[in-house]
Amino acid sequence: MALMDFIKKQFIDIIQWTEEGDGTLAWRFPMRDMEIQNGGTLVVRESQMAIFVNEGQVADVFTPGTYKLTTQTLPVLTYLKNWDKLFESPFKSDVYFFSTRQQIDQKWGTPQPITIRDKDFGAVRLRAFGNYSFRIADPKLFHTEISGTRESYPVADLEGQLRGLVLQNISNAIAGSGLPFLDLAANQVMFADALTKELAPIFAKLGLLIENLTVQNVSLPEELQKILDQKIGMGMVGNDMAKFMQYQTAQAIPKFAEGSGNGGGGIAGDAMGLGAGVALGQVLAQNLQQGLQTPVAPAAAAAAQAAAAPAGVRPDEVMATLEKLGELKSKGILTQEEFDAKKAELLKKLI
């Protein structure tokens, strides 16, 4: 009985791999102290491929099917072994199996915003994330470039490298698509196609095929999104600065009222509530309209300013107005020259 057990351990009749779970890309058949029986059977299941490696050199590659191991089914190995006829004795060779199933739901995303050139906004920083799937297309290349002689090679060991390749090529994909940011966010399928096209030859060098890539979201950092929202708001009112300032004032009224009711500090508290907030909006709207749009008659301008500006402007109201103007300048709505002119005009009221 012991002798029969010894013989069974030494010679292998059937070589196969039954995957016990997900996440394994390559698996080496255990060959320690064993040899392959002459005429043995190799079983390669659907979604698998197998290769024979002789003394470190990749020999034969097998697609799904059942094979009887002879010189006809092992032509490269037969040549390497110098078999000029049917081999009679067992032989030793390493056999590796590869899973060719799709490895799905591989996540990718930008941990930090990346800077790209944009047709509409110049240089912008954006975030994006999604997922992708891939499979092994060339097991011989994957063996020589990635998995090597390891007993098994899991998907997890490759995730970081592939995710880095995706992130590295986002900028190239956006440039290749020719889409500005606003169109990019609205055409995520087109962006995904451009990124897939960029990644395909890079994955192929590793013996991989990228099957499907999705872009689930493209967005700007919060501070840039606020500026974009303001630009969209101006576009909705036809880039009319007076109307835009009226809209901004209407949005600010609840904040002024809340600050006054709570006795809060800052602009809301200093402006003394709702009445000062409305006056501030009127002053800004009239003055910005006068500076940026068609000039009006001097008499009409003087009358408008007299009606808009309350008599006996207090210092805290002037300071609140200056802070608001400074905020508009920092967002690019006012130029430095316009800000300086209004600053000088307001400061004269304190003298």
Side-chain angles (χ1 to χ4, degrees), residues 17 19 22-29 42 44-54 56-65 75-77 80 94-111 114 116 128-179 184 187-216 218:
W17 178 32
E19 300 179 58
D22 297 327
T24 302
L25 293 173
W27 179 76
R28 184 181 67 198
F29 189 86
L42 171 68
V44 182
R45 290 175 169 78
E46 290 291 343
S47 76
Q48 293 180 354
M49 294 183 75
I51 64 172
F52 275 65
V53 179
N54 176 68
Q57 184 174 353
V58 177
D60 298 282
V61 180
F62 293 88
T63 56
V76 179
L77 188 61
L80 295 175
D94 290 323
V95 182
Y96 294 87
F97 286 87
F98 299 86
S99 174
T100 57
R101 292 185 298 155
Q102 284 196 51
Q103 306 299 324
I104 62 173
D105 199 24
Q106 305 298 306
K107 308 291 186 182
W108 66 270
T110 54
I114 60 172
I116 63 168
F129 65 85
N131 61 12
Y132 66 96
S133 62
F134 71 94
R135 71 168 80 238
I136 293 178
D138 187 338
K140 181 177 179 180
L141 185 58
F142 184 81
H143 171 77
T144 56
E145 295 292 331
I146 302 296
S147 61
T149 60
R150 291 174 53 172
E151 182 177 339
S152 66
Y153 195 93
V155 175
D157 286 3
L158 196 58
E159 284 179 350
Q161 176 68 18
L162 298 184
R163 187 182 303 113
L165 291 175
V166 174
L167 299 180
Q168 179 181 343
N169 287 274
I170 287 179
S171 297
N172 293 338
I174 294 175
S177 68
L179 293 173
L184 195 68
N187 293 276
Q188 295 180 2
V189 173
M190 188 178 297
F191 178 27
D193 291 342
L195 186 53
T196 301
K197 183 178 179 181
E198 197 75 25
L199 290 170
I202 300 174
F203 274 52
K205 292 179 181 179
L206 304 178
L208 303 175
L209 174 66
I210 182 166
E211 288 283 356
N212 185 43
L213 184 144
T214 66
V215 178
Q216 298 173 353
V218 179

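Positions are given from 1, in the same order as the sequence printed here.
Partners of Gln216 under the side chain to side chain donor-acceptor pair (under 3.5 Å) rule, at least two apart in sequence or in another chain, do not exist in this structure. Arg135 meets the side chain to side chain donor-acceptor pair (under 3.5 Å) test with Glu211; sequence neighbours excluded. Listed by chain and residue number, His143 satisfy the ring-ring contact (aromatic ring centres under 6.0 Å, His included) test with Tyr96 (two or more places apart in sequence, or in another chain). Shown here are the side-chain contact (heavy atoms from CB on, under 4.5 Å) partners of Arg150, two or more places apart in sequence or in another chain: Tyr153, Pro154, Asp157.
Other residues, nucleotides and ligands contribute over 12 non-hydrogen atoms within 6.0 Å of the CD atom of Glu159.
Contact check for Val155 versus Gln106: side-chain heavy atoms found under the 4.5 Å cut-off. Using a 4.5 Å heavy-atom cutoff, the side chains of Met49 and Thr63 are in contact.
To the nearest 0.5 Å, atoms CD (Gln48) and CD (Glu19) are separated by 5.0 Å. To the nearest 0.5 Å, atom OG1 of residue Thr214 and atom CD of residue Gln188 are 9.0 Å apart. The line from CZ of Phe142 to CG of Leu158 is 5.5 Å long, rounded to the nearest 0.5 Å.
Here the side chain of Asp138 pairs a donor or acceptor atom with the backbone of Leu141 at under 3.5 angstrom. Of the possible donor and acceptor atoms, one in the side chain of Thr100 sits under 3.5 Å from a partner among the backbone N and O of Ser47.
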Using a 3.5 Å cut-off and no angle test, enumerate the donor-acceptor pairs between side-chain atoms of residues 163-173 and protein atoms at least two apart in sequence or in another chain.
{"from": "Arg163", "atom 1": "NE", "to": "Lys107", "atom 2": "O", "distance (Å)": "3.2"}
{"from": "Asn169", "atom 1": "ND2", "to": "Leu165", "atom 2": "O", "distance (Å)": "2.7"}

Side-chain atoms of residues 194-204: list all donor-acceptor pairs with protein atoms under 3.5 Å, sequence neighbours left out, distances to 0.1 Å.
{"from": "Thr196", "atom 1": "OG1", "to": "Ala192", "atom 2": "O", "distance (Å)": "2.8"}

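Residue Phe97 is tested with Leu25, Leu42, Ile51, Thr24 for a side chain to side chain contact (heavy atoms under 4.5 Å, CB included); the sole match is Leu42.
Scanning both residues, Ala128 and Val218, for their nearest heavy atoms gives CB-CG2, 4.3 Å. Pairing each heavy atom of Phe98 with each of Trp17, the nearest pair is C-CZ3, 4.0 Å. Closest non-hydrogen pair, Trp108 versus Leu213, comes out as NE1-CG, 4.1 Å.
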- Task: Tell me, with the steps shown, if Leu162 and Leu208 meet side-chain contact (heavy atoms from CB on, under 4.5 Å).
- Result: CA-CA 10 Å; Leu162 298 184; Leu208 303 175; 4.0 Å; yes

